[in-house]
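This report refers to the structure that appears directly beneath it.
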Amino acid sequence: LWLAEKVRAEITEKAIQSAYDKFVADKASREQVTASHILVETEAEAKAIISALREGNDFTKLAKEKSTGPSGPNGGDLGYFGRGAMLPAFETAAFDLDIGQHSQFPVQTQFGWHVILLEDKRIAEPPSYVALQPQLQQNLINQNLARLLDGLRQGASFSKRSFTDIRSDAQAANKNNAAN
């Protein structure tokens, strides 16, 4: 009960609004890209595709002809995605490209070798305050509880005792209470 009261005291409308304002200001976490890719089995195939792109071949046409991935028939289009939605190597390569640029080196993942074309970058609109409020409130509860527990742990000292010793002490205390 004491922990709940201490944590609840920190979760004010002002604290939730401040957390929302910080979320809105953090545009990097809402960054999204739209990309297309060509997935092939070997690095050599991917390098040949990169060479063909350098010679002016059309990415969409090559994706339809060569890609083994499910997005191949629609030109390799993956639509918009944010950080954390793709495998790390693929994500890093896609987010590092400039708009209109394709990867200069094949990107390997567990699915094969990718050639990536970055089509656009944007910052997604943040959810409304009302929509995000429950999540922000839970985050604040978790943060404040962790901070409070860390403070309590730092000032605490612990000792180990056997269950037998604890039981003996409890039985002795019960006898003393019964005698009084």
Side-chain angles (χ1 to χ4, degrees), residues 10-11 15-150 153-154:
E10 298 292 323
I11 312 303
I16 297 169
Q17 182 65 52
S18 176
Y20 181 75
D21 293 344
K22 287 177 186 171
F23 174 80
V24 170
D26 179 18
K27 291 183 167 92
S29 66
R30 297 192 328 273
E31 184 179 18
Q32 295 181 330
V33 297
T34 186
S36 295
H37 77 129
I38 302 170
L39 175 64
V40 292
E41 290 184 24
T42 68
E43 183 179 16
E45 289 174 287
K47 285 181 176 180
I49 291 168
I50 291 170
S51 293
L53 290 169
R54 287 181 181 148
E55 293 169 5
N57 285 288
D58 181 62
F59 191 96
T60 302
K61 183 179 175 192
L62 285 172
K64 288 178 180 179
E65 293 172 0
K66 309 252 185 217
S67 186
T68 61
S71 65
N74 63 337
D77 183 23
L78 297 171
Y80 278 98
F81 57 89
R83 294 195 183 272
M86 300 291 181
L87 294 168
F90 187 95
E91 175 185 301
T92 299
F95 276 85
D96 284 349
L97 292 170
D98 292 326
I99 295 172
Q101 181 184 28
H102 65 78
S103 52
Q104 299 300 305
F105 304 98
V107 178
Q108 185 180 23
T109 70
Q110 66 196 44
F111 299 108
W113 293 87
H114 305 263
V115 178
I116 305 166
L117 171 67
L118 183 69
E119 297 175 22
D120 192 25
K121 290 184 180 187
R122 72 178 184 193
I123 304 297
E125 288 296 317
S128 71
Y129 175 81
V130 171
L132 204 54
Q133 184 179 11
Q135 182 181 345
L136 293 169
Q137 186 171 356
Q138 188 59 52
N139 289 349
L140 288 171
I141 288 169
N142 293 344
Q143 291 168 4
N144 283 301
L145 179 59
R147 194 175 8 242
L148 182 60
L149 291 175
D150 283 345
R153 281 187 199 108
Q154 288 176 2

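The structure displayed is predicted, hence computed values, not measured ones.
- Across all their heavy atoms, Lys27 and Ile123 have their closest contact at O-CD1, 3.7 Å.
- Listed here is the closest heavy atom pair of Leu132 and Pro127: CD1-CG, 4.2 Å.
- One distance of note links CG of Leu53 with CD1 of Ile38; it measures 5.5 Å at 0.5 Å rounding.
- Considering only heavy atoms from C-beta on, Asp98 stays 4.5 Å or farther from Leu118 through its side chain.
- What you find for Tyr20 and Leu136 is that their closest heavy atoms are CB-CD1, 3.5 Å.
- A donor-acceptor distance shorter than 3.5 angstrom exists from the side chain of Arg30 to the backbone of Phe23, with no hydrogens or angles considered.
- Residues passing the salt bridge (Lys or Arg N to Asp or Glu O under 4.0 Å) test with Glu10, sequence neighbours excluded: none.
- When only modelled atom types and interatomic distance are considered, Gln154 and Asp150 share no side-chain donor-acceptor pair under 3.5 Å.
- Atom-to-atom distance recorded for Leu62:CG and Ser36:OG is 12.0 Å, nearest 0.5 angstrom.
- When the salt bridge (Lys or Arg N to Asp or Glu O under 4.0 Å) test is applied to Arg54, no partner is found at least two apart in sequence or on another chain.
- For the pair Gln101 (side chain) and Leu97 (backbone), a donor-acceptor distance under 3.5 Å is absent.
- Residue pairs that meet the ring pair (Phe, Tyr, Trp, His ring centres under 6.0 Å) test with at least one member in residues 58-84, sequence neighbours left out, do not exist here.
- From Ile99, atom CD1 reaches atom CD of Glu119 across 10.5 Å, with rounding to the nearest 0.5 Å.
- Glu31 meets the salt bridge (Lys or Arg N to Asp or Glu O under 4.0 Å) test with Arg83; sequence neighbours excluded.
- Around atom CD of Glu41, no more than 12 heavy atoms belonging to other residues, nucleotides or ligands sit under 6.0 Å away.
- Of the possible donor and acceptor atoms, one in the side chain of Ser103 sits under 3.5 Å from a partner among the backbone N and O of Ile116.
- Counting only residues at least two apart or on different chains, the side chain to side chain donor-acceptor pair (under 3.5 Å) pairs with a member in residues 129-149 are Glu13-Tyr129, Gln138-Asn142, Asn144-Arg147.
- Listed by first then second residue, pairs satisfying side chain to side chain donor-acceptor pair (under 3.5 Å) with a partner in residues 60-77 read His37-Ser71, not counting sequence neighbours.
- The nearest pair of heavy atoms linking Asn57 to Ala52 is ND2-O, 2.8 Å.
- You'll find the side chain of Phe90 reaches within 4.5 Å of the side chain of Leu78, heavy atoms only.
- Within a 6.0 Å sphere centred on NZ of Lys47, heavy atoms belonging to other residues, nucleotides or ligands number 12 at most.
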